[in-house]
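Beneath this line is the structure, given in structure tokens, with notes to follow.
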Amino acid sequence: MATVVAFHAHPDDETLLTGGTIARAAAEGHRVVIVVACDGLMGPVPPQGTERLEELRASAAILGAHRVEHLGYADSGHGQTLYPDPPDRTRFVRAATDEAAERLAAILREENADVLLSYDPNGGYGHRDHVKVHQVGRRAAELAGVRRVLEATMPREVVMRLARLIRLLRIPLRFDDAALCTAYSPSSAITHRVNVRPFARQKQAALAAHRSEVNGSGRIAVLMRVLTRLPVPIFGLLLGREWFAEPEA
């Protein structure tokens with residue numbers, strides 16, 4: 001049995017990008033650890049703690065993950081403006097890559113990780129924290145001697161088809177068609193295509209566990225509400241496959 005560490009930017013990313021793979025690996029007897037760089041907050045951590053991290057733990061339990069860790073960084077936000085750091089911690093994108101990588105590498109060593117799940121060089125759709133995950137993940141694998149790194153991504157062709165479907169369904173999600181042409185990865189770069197349709201119910205339930213995002217007013221809240229309300233077979237058709245690119249050694 002292997003130990004798989006899934007490294008993500010924010011709570012809910014673990015489900016959207018790798019939820020089925022995590023559930024499948026756990027069901028097959030592997031040890032799965034989820035690590036997020038950011039806690040889902042732009043400002044200071046409130047005295048009662050971070051709701052997004054509690055939701056992450058609930059999601060992880062549904063998926064069957066064995067451990068959840070946060071590297072201690074704040075969200076960097078998405079868009080042209082990069083706000084000053086909150087008083088209690090650093091925004092992830094401002095962290096020194098080696099410093100953040102050493103935090104992740106310490107977990108990889110402690111777990112004697114066999115595989116690290118990270119992000120492709122584009123960080124998927126280009127979010128600055130996702131790009132940083134790619135950089136930190138690659139460096140942490142080097143520091144900890146993890147030989148297998150699988151970078152979560154999607155074929156661009158699939159992304160474009162989904163964008164057309166979102167427009168057809170009139171879901172108010174804004175995106176730039178030109179940017180999508182260079183986002184994620186070309187099909188030729190995909191090395192692993194994982195069928196996770198048997199775990200669609202778990203993946204959908206894990207997504208629904210992120211209540212503050214599903215019920216919020218964020219950029220993808222409407223899309224998340226649609227996804228969590230779909231019949232499970234339809235959800236499985238749409239999100240029943242996950243993709244990874246394994247960099248050449």
Count I, L, V, M, F, W, Y as connected when their side-chain heavy atoms are under 4.5 Å apart, and connections chain through other members. Are [X] and [Y] then in the same cluster?
X	Y	value
Ile190	Val196	no
Met224	Ile234	yes
Tyr125	Val131	no
Leu53	Ile22	yes
Val115	Leu17	no

Do Glu14 and Ser59 have a side chain donor and acceptor closer than 3.5 Å?
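Judged by distance alone, the side chains do pair up.
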
Asp13-His130 side chain donor-acceptor pair, cut-off 3.5 Å
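Yes, because at least one side-chain N or O of Asp13 sits under 3.5 Å from a partner of the opposite role on His130.
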
Give a yes or no answer on whether the side chain of [X] reaches the backbone of [Y] with a donor-acceptor pair at less than 3.5 Å.
X	Y	result
Arg31	Ala2	no
Gln202	Ile62	yes
Arg109	Ala144	no
Arg128	Ser76	yes

Could you state the interatomic distance from [atom1] ([X]) to [atom2] ([Y]), rounded to the nearest 0.5 Å?
X	Y	atom1	atom2	value
Ser185	Glu151	OG	CD	8.0 Å
His70	Cys38	NE2	SG	6.5 Å
Asp75	His127	CG	NE2	6.5 Å
Thr15	Leu227	OG1	CG	11.5 Å
Thr50	Glu55	OG1	CD	10.5 Å
Asp114	Met1	CG	CE	10.5 Å

Contact between [X] and [Y] at the side-chain level, heavy atoms closer than 4.5 Å - yes or no?
X	Y	answer
Trp243	Val158	yes
Phe7	Leu116	yes
Leu56	Val36	yes
Arg89	Asp39	yes
Pro155	Tyr184	no
Val136	Arg103	no
Phe244	Leu117	yes
Arg94	Leu82	yes

side-chain hydrogen bond (donor to acceptor under 3.5 Å, both in side chains) between Lys132 and Thr97, worked out
CA-CA 8 Å; Lys132 188 77 171 183; Thr97 298; 3.1 Å; yes

Charged N to carboxylate O under 4.0 angstrom, [X] versus [Y]?
X	Y	value
Glu142	Arg138	no
Glu69	Arg67	yes
Arg139	Glu102	no
Asp129	Arg91	no
Lys203	Glu242	yes

Output, in order, the C-alpha distance, side-chain angles, deciding distance and verdict of side chain to side chain contact (heavy atoms under 4.5 Å, CB included) for Thr3 and His30.
CA-CA 6 Å; Thr3 296; His30 303 293; over 6 Å; no

Decide yes or no on side chain to side chain contact (heavy atoms under 4.5 Å, CB included) for Gln204 and Val232, but give the supporting numbers first.
CA-CA 8 Å; Gln204 187 180 44; Val232 172; 3.4 Å; yes

Go through it in stages, so that I can follow the logic: the residues are Arg197 and Leu237, the test is side chain to side chain contact (heavy atoms under 4.5 Å, CB included), and I'd like the CA-CA distance, side-chain angles, deciding distance and then a yes or no.
CA-CA 7 Å; Arg197 196 174 296 173; Leu237 283 173; 3.8 Å; yes

Looking at every non-hydrogen atom in both residues, tell me the closest pair between Ala101 and Ala140 and how far apart they are.
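Looking at all heavy atoms of both residues, the shortest contact is O-CB, 3.4 Å.
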
Is atom CZ of Arg193 surrounded by more than 12 heavy atoms (other residues, nucleotides or ligands) closer than 6.0 Å?
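Enclosed: over 12 neighbouring heavy atoms sit under 6.0 Å from CZ of Arg193.
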
Count the heavy atoms belonging to other residues, nucleotides or ligands that lie under 6.0 Å from CZ of Arg211, then report whether that count exceeds 12.
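No, because the 6.0 Å sphere around CZ of Arg211 holds 12 heavy atoms or fewer from other groups.
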
Member of Leu150, Val194, Leu63 meeting the side chain to side chain contact (heavy atoms under 4.5 Å, CB included) criterion with Thr21
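Only match with Thr21 under side chain to side chain contact (heavy atoms under 4.5 Å, CB included): Val194.
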
Side chain to side chain contact (heavy atoms under 4.5 Å, CB included) with Leu108: which of Val5, Leu143, Val35?
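Of Val5, Leu143, Val35, side chain to side chain contact (heavy atoms under 4.5 Å, CB included) with Leu108 is met by Val5 alone.
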
So, do His10 and Tyr73 have ring centers that fall under 6.0 Å from each other?
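No, the ring of His10 stays outside the 6.0 Å limit from the ring of Tyr73, centre to centre.
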
For Thr182 and Asn122: C-alpha separation, side-chain torsions, deciding distance, then whether side chain to side chain contact (heavy atoms under 4.5 Å, CB included) applies.
CA-CA 8 Å; Thr182 57; Asn122 291 319; over 6 Å; no

